[in-house]
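Start at 1 and go down the list; that is how both ligands and their atoms are numbered.
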Amino acid sequence: MKCGLCGRNGFFYLRYSGHHLCKKHFIQMFEKRVKKGIRQNRLIDSEDHVLVGLSGGKDSMSALKILNDITCKIPSARLSALTVDEGIGGRNLEKARQYCESIGVEHHTVCFRDYYGFDIDGVLGKRKADGVLACSICGVLKRNLMNEWAGRHGATKVATGHNLDDEIQSAFMNIMRGDLPRLGRLGALVGSGAHEGFVPRIKILRECPEDEVRQYARALGLPHTNKCCPYAKTSLRTTVKEMLDGLEGSHPGSKYQMLRSVDSLCAIMRERHVGQAPGVCGRCGAPTANRVCKACLILERLKVVP
Ligand SMILES: [Zn+2]
Ligand SMILES: [Zn+2]
């Protein structure tokens with residue numbers, strides 16, 4: 001099929017809108033949408049030091065590429081990247097470092113082993129079947145590390161590669177768990193003005209379906225790893241993902257409709273909790289809605305702290 005805009009060979013078919021686009025117009029459409037989201041949600045200020053959480057996968061590499069294009073034009077803004085090595089066997093983190101070097105972005109790596117004193121394979125190797133456990137432990141500890149590291153190094157925003165699919169999967173998982181307050185913590189900008197110990201998180205790819213991020217990375221030839229986390233196979237997220245993909249397959253546009261519903265729910269939940277400043281964890285001082293933060297609870301459960 002031909003591109004609806006220029007007649008060149010089609011590269012990507014947007015099922016939900018019925019448009020075929022050539023490579024050039026697909027890249028243009030993708031970047032325009034991301035930049036519009038950044039403007040509309042005021043995700044970046046001219047004085048920001050944005051730290052990208054760079055796993056080396058297609059999402060975070062794409063986010064870094066676009067953020068680099070943007071911050072290059074703002075002399076007062078700063079961009080750097082942090083790769084967290086959770087200690088999961090067989091993961092290749094070299095591509096992240098090499099890509100940063102090739103585009104001149106400052107890059108750091110922090111290992112779970114150095115930071116927490118253990119790695120994920122070490123504490124979960126025996127429980128590989130329990131993906132639910134692995135993913136929530138890894139997610140919480142990674143967020144905790146990134147937030148603390150970002151604050152200590154003067155970053156004013158943490159950017160992650162979360163795409164549209166990630167966002168609606170998270171929303172669905174919160175609904176399944178009956179955890180509606182957590183819906184208020186979704187959105188393109190999380191934790192702005194929440195607490196001085198919390199570095200706001202931005203998700204610049206939130207409006208981009210996962211398969212489009214994959215094609216964007218492919219179209220530009222961005223180096224990235226495709227390897228899935230070995231623990232993810234059995235996680236609740238994977239089950240939810242398969243269900244949502246099935247829905248989109250039979251009803252194109254479902255994912256976007258769901259994202260709009262998530263936006264509405266998120267606004268309602270935030271409104272309801274407005275003025276309720278989060279407290280701090282009694283053990284580590286990190287911002288949390290509870291007496292003890294999730295990271296501390298997990299570390300205690302894993303018996304890695306006395
Ligand atoms: Zn075209
Ligand atoms: Zn804590």
Side-chain angles (χ1 to χ4, degrees), residues 1-36 53 62 65-66 69 82 84 86 110-120 123-124 133-153 155 158 179 181-182 185 190-191 194-201 208-209 211-222 273 276-306:
M1 290 296 275
K2 301 288 178 199
C3 172
L5 294 174
C6 69
R8 267 185 291 216
N9 279 342
F11 172 78
F12 194 80
Y13 175 51
L14 295 158
R15 262 191 89 199
Y16 49 83
S17 69
H19 287 94
H20 288 271
L21 293 174
C22 67
K23 199 185 262 191
K24 179 184 148 203
H25 283 119
F26 171 74
I27 293 171
Q28 230 168 55
M29 176 279 296
F30 188 95
E31 294 182 346
K32 222 169 125 184
R33 182 174 53 195
V34 173
K35 287 173 185 170
K36 187 175 158 203
S62 300
K65 195 266 171 209
I66 297 176
D69 290 348
L82 175 67
V84 178
E86 309 91 343
V110 179
C111 313
F112 264 26
R113 176 152 292 285
D114 295 339
Y115 194 85
Y116 290 118
F118 63 90
D119 48 41
I120 289 290
V123 287
L124 293 171
L133 189 70
C135 290
S136 59
I137 288 177
C138 190
V140 169
L141 295 182
K142 203 153 70 176
R143 262 201 306 279
N144 180 63
L145 188 164
M146 296 247 314
N147 182 63
E148 194 275 333
W149 200 93
R152 198 151 37 87
H153 290 82
V158 169
D179 192 356
R182 196 162 279 273
R185 286 178 244 164
V190 184
H195 188 283
E196 59 176 38
F198 188 91
V199 182
R201 284 197 292 268
C208 309
D211 56 338
E212 292 179 30
V213 182
R214 187 174 296 115
Q215 292 308 324
Y216 175 74
R218 200 189 104 195
L220 288 179
L222 292 180
H273 293 95
Q276 291 181 16
V280 290
C281 170
R283 292 191 197 156
C284 73
T288 172
N290 306 309
R291 220 161 37 81
V292 177
C293 77
K294 257 192 159 172
C296 281
L297 288 178
I298 286 174
L299 293 173
E300 186 186 69
R301 213 163 108 211
L302 293 173
K303 302 239 185 313
V304 289
V305 286

### Task
Answer whether the closest heavy-atom distance between the side chains of His19 and His25 falls below 4.5 Å.
no
### Query
Side chains of Val158 and Arg143: does their closest heavy-atom pair fall under 4.5 Å?
no
### Message
Please report, to 10°, the angle around the Zn ion (ligand 2) from atom SG (Cys281) across to atom SG (Cys293).
### Response
110°
### Query
Rounded to 10°, how many degrees is the angle SG/Cys284-the Zn ion (ligand 2)-SG/Cys296?
110°
### Message
Before moving on, can you tell me the angle at the Zn ion (ligand 1) between the SG atom of Cys22 and the SG atom of Cys3, to the nearest 10 degrees?
### Response
120°
## Note on the structure
ND1 (His25) to the Zn ion (ligand 1) to SG (Cys6), nearest 10°, is 110°
### Query
Can you say whether the rings of Phe118 and Phe112 are parallel (under 30°), tilted (30 to 60°) or perpendicular (over 60°)?
perpendicular
#### Entry: Test item: Tyr115 side-chain N/O and Val84 main-chain N/O as donor-acceptor pair under 3.5 Å
no
